[in-house]
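Each remark here refers to the structure printed beneath this line.
Proteins come first, then strands; the chains are lettered A, B, ... in the order of their sequence lines, and each starts at number 1.
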Protein chains: 2
Amino acid sequence: MNKIIPNIGSERETDRLMFSLVHAAHELERRYEEALSIEGLTGPKFAALSKLVQADRPLGLGELADELTCVRSNITQLVDRLEADGLVVRTVDHADRRTVRAAVTEIGMQRQIAGAKQVEKFLDALSKACSGVDLEAFERVLSCLQVEKGGYR
Amino acid sequence: MNKIIPNIGSERETDRLMFSLVHAAHELERRYEEALSIEGLTGPKFAALSKLVQADRPLGLGELADELTCVRSNITQLVDRLEADGLVVRTVDHADRRTVRAAVTEIGMQRQIAGAKQVEKFLDALSKACSGVDLEAFERVLSCLQVEKGGYR
DNA sequence: CCTGCATTATTCATATATGAATAAAATAAT
DNA sequence: ATTATTTTATTCATATATGAATAATGCAGG
């Protein structure tokens, strides 16, 4: 997604709310990526590894694209990079010779665990900072923005 | 920024809060870009145009990079595309022959106005949906996340 | 069995982002 | 004044994202 959203000198409180929300999200994403970079991972790489580890079987690239809600060509490239890193290998599907599956390697598995630890640490810190926050109020704000709630799988 | 953030099957409320916040921000950005696309603009293109119109003078590419908080090479490319669209032109600075300035064209000015109208419309709709929302509570959530408040200029 | 349609992944073109290396020009230091 | 440093933009390599076009395979209907 694009980083650049200018503040169009708006006056309304709700406009500032939107800018603040987007800004906060970018800041969180930045820290999340920062945490993963300790283990030489990026957000997309970790996401793909995590899906593969969770699935506990080689996933077809189409499946992976669906899981990560992005287009297939994106996954082709991501798996190229993961393969170059030695974290996954492409395997053929003998039942359907069109499908290519991504299988996580031993190193990939270890790397996913290491990444998850960093994410855990990051979330722990966030959790501590947020103890006692009014989550109900936050949910109300999100629902006002008409963004689907719980859109994450 | 990267779109892919997997939900690591976390249980804590605060983790879900973070995922929801990031998800909400992406959704807002998506709609913002959608609004701009009506006028053939993208977020970054509109942001650059807006800065140039606000400044009311040709800006050096370095200045523009600072304003949009991104690296210079990014602006080089963005101005390439804006120039290809006929929305800005590069001008030389006779005082300092290193600096290249981006000057918004007549078409660029009109396009910025058209884009701003779409953004306005988008924000209006959002504002209506948010009438009566507890902004105080929202600010408290953001401060818990230890994200700088009002970080937008 | 072929033929046409659907599905799979890849390639290509493009947009956005970063950062390192480079080139050109201005400025500071000796 | 010449040298060294800083500042400017660009180029290059890379990562991430999209979508259109392509190629290979599978499948359904005749």
Side-chain angles (χ1 to χ4, degrees), chain A residues 1-6 26-27 29-30 32-34 36-37 40-49 58-85 87-103, chain B residues 1-6 22 26 29-30 32-34 36-37 40-49 58-85 87-103:
Chain A
M1 192 73 53
N2 94 83
K3 207 189 90 167
I4 296 170
I5 290 199
H26 285 171
E27 179 64 17
E29 287 180 284
R30 194 192 58 71
Y32 168 79
E33 293 261 351
E34 196 176 47
L36 285 174
S37 73
L41 288 173
T42 63
K45 283 180 179 178
F46 176 66
L49 282 182
L59 292 178
L61 300 203
E63 285 181 278
L64 209 43
D66 289 346
E67 290 281 354
L68 302 176
T69 46
C70 64
V71 297
R72 297 169 114 107
S73 57
N74 197 358
I75 296 299
T76 297
Q77 299 176 84
L78 182 55
V79 169
D80 283 348
R81 291 189 293 270
L82 285 169
E83 214 169 16
D85 291 346
L87 305 181
V88 309
V89 284
R90 277 182 167 86
T91 64
V92 290
D93 185 329
H94 296 289
D96 183 343
R97 285 180 357 231
R98 289 169 305 177
T99 62
V100 175
R101 311 194 97 92
Chain B
M1 191 72 53
N2 94 81
K3 207 189 90 167
I4 297 170
I5 290 199
V22 170
H26 286 170
E29 287 181 285
R30 194 191 59 71
Y32 169 79
E33 292 262 352
E34 195 176 49
L36 284 173
S37 74
L41 288 172
T42 64
K45 284 180 178 177
F46 177 65
L49 282 182
L59 293 178
L61 300 203
E63 286 181 277
L64 209 44
D66 289 346
E67 290 281 354
L68 301 177
T69 48
C70 65
V71 299
R72 297 168 114 106
S73 57
N74 196 359
I75 296 300
T76 296
Q77 298 175 85
L78 183 55
V79 170
D80 283 348
R81 291 188 294 271
L82 285 169
E83 215 170 15
D85 292 347
L87 305 180
V88 309
V89 285
R90 277 181 168 87
T91 65
V92 289
D93 185 330
H94 296 290
D96 184 342
R97 281 174 7 226
R98 290 171 304 181
T99 61
V100 175
R101 312 194 96 92

Just the rounded figure in Å: distance from [atom2] of [N] to [atom1] of [X].
X: A:Gln77; N: C:dC12; atom1: CD; atom2: P; answer: 12 Å
X: B:Arg30; N: D:dA17; atom1: CZ; atom2: C1'; answer: 15 Å
X: A:Asp80; N: C:dT10; atom1: CG; atom2: P; answer: 7 Å
X: B:Leu68; N: D:dA9; atom1: CG; atom2: P; answer: 13 Å
X: B:Asn74; N: D:dC12; atom1: CG; atom2: P; answer: 17 Å
X: A:His26; N: C:dT16; atom1: NE2; atom2: P; answer: 15 Å
X: A:Asp93; N: C:dT8; atom1: CG; atom2: C1'; answer: 11 Å
X: B:Glu63; N: D:dT8; atom1: CD; atom2: C1'; answer: 12 Å

Which nucleotide in the set [options] lies at the smallest distance from any side-chain heavy atom of [X]?
X: B:Thr76; options: D:dT10, C:dG19, D:dG26; answer: D:dT10
X: B:Leu78; options: D:dT16, C:dT16, C:dT10; answer: C:dT16
X: A:Lys45; options: D:dT18, D:dT16, C:dT16; answer: D:dT16

Results of side chain to side chain contact (heavy atoms under 4.5 Å, CB included) for B:Arg81 - residues two or more places apart only: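 By the side chain to side chain contact (heavy atoms under 4.5 Å, CB included) rule, B:Arg81 matches B:Lys45, B:Gln77, B:Leu78.
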Who passes side chain to side chain contact (heavy atoms under 4.5 Å, CB included) against A:Arg90, sequence neighbours left out?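 Only A:Leu61, A:Thr76, A:Val79, A:Asp80, A:Glu83, A:Val100 meet the side chain to side chain contact (heavy atoms under 4.5 Å, CB included) criterion with A:Arg90.
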Under 4.0 Å, heavy atoms only, any strand: does A:Arg101 hit a base, just the sugar-phosphate, or nothing?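 The residue A:Arg101 makes no contact with any strand.
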Looking across every strand, which nucleic acid part, if any, lies under 4.0 Å from A:Val100 by heavy atom: base, sugar-phosphate, or nothing?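 Sugar-phosphate contact only.
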Hey, what do you get for [atom1] ([X]) to [atom2] ([Y]), rounding to the nearest 0.5 Å?
X: A:Glu29; Y: A:Glu34; atom1: CD; atom2: CD; result: 13.5 Å
X: B:Ile75; Y: B:Arg72; atom1: CD1; atom2: CZ; result: 10.0 Å
X: A:Thr99; Y: A:Leu59; atom1: OG1; atom2: CG; result: 11.0 Å

Set out, line by line, the N/O atom pairs under 3.5 Å between protein and nucleotides 5-7 of chain D.
residue	atom	partner	partner atom	Å
D:dT7	O4'	B:Arg98	NH1	3.4
D:dT7	O2	B:Arg98	NH1	2.8

Could you check whether any side-chain heavy atom of A:Glu27 comes within less than 4.5 Å of a side-chain heavy atom of A:Arg30, counting everything from C-beta outward?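 Side-chain contact under 4.5 Å: yes.
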Are the side chains of A:Asn74 and A:Leu68 in touch, meaning some heavy atoms are under 4.5 Å apart?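 They are not in contact (no side-chain heavy atoms under 4.5 Å apart), so the answer is no.
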5′-ward residue of the pair A:Asp96/A:Ser73 relative to DNA chain C: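 Upstream on the strand: A:Asp96.
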Taking only side-chain nitrogens and oxygens of B:Thr99, does any of them come within less than 4.0 Å of OP1 or OP2 of D:dA9?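 It does not, given that no N or O in the side chain of B:Thr99 lies less than 4.0 Å from OP1 or OP2 of D:dA9.
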B:Arg90 side-chain N/O to D:dT10 phosphate OP1/OP2 under 4.0 Å: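 It does, given that an N or O in the side chain of B:Arg90 lies less than 4.0 Å from OP1 or OP2 of D:dT10.
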Between A:Arg97 and A:Val71, which is nearer to the 5' end of DNA chain D once each is assigned its nearest nucleotide?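 Its nearest nucleotide being more 5', the pick is A:Val71.
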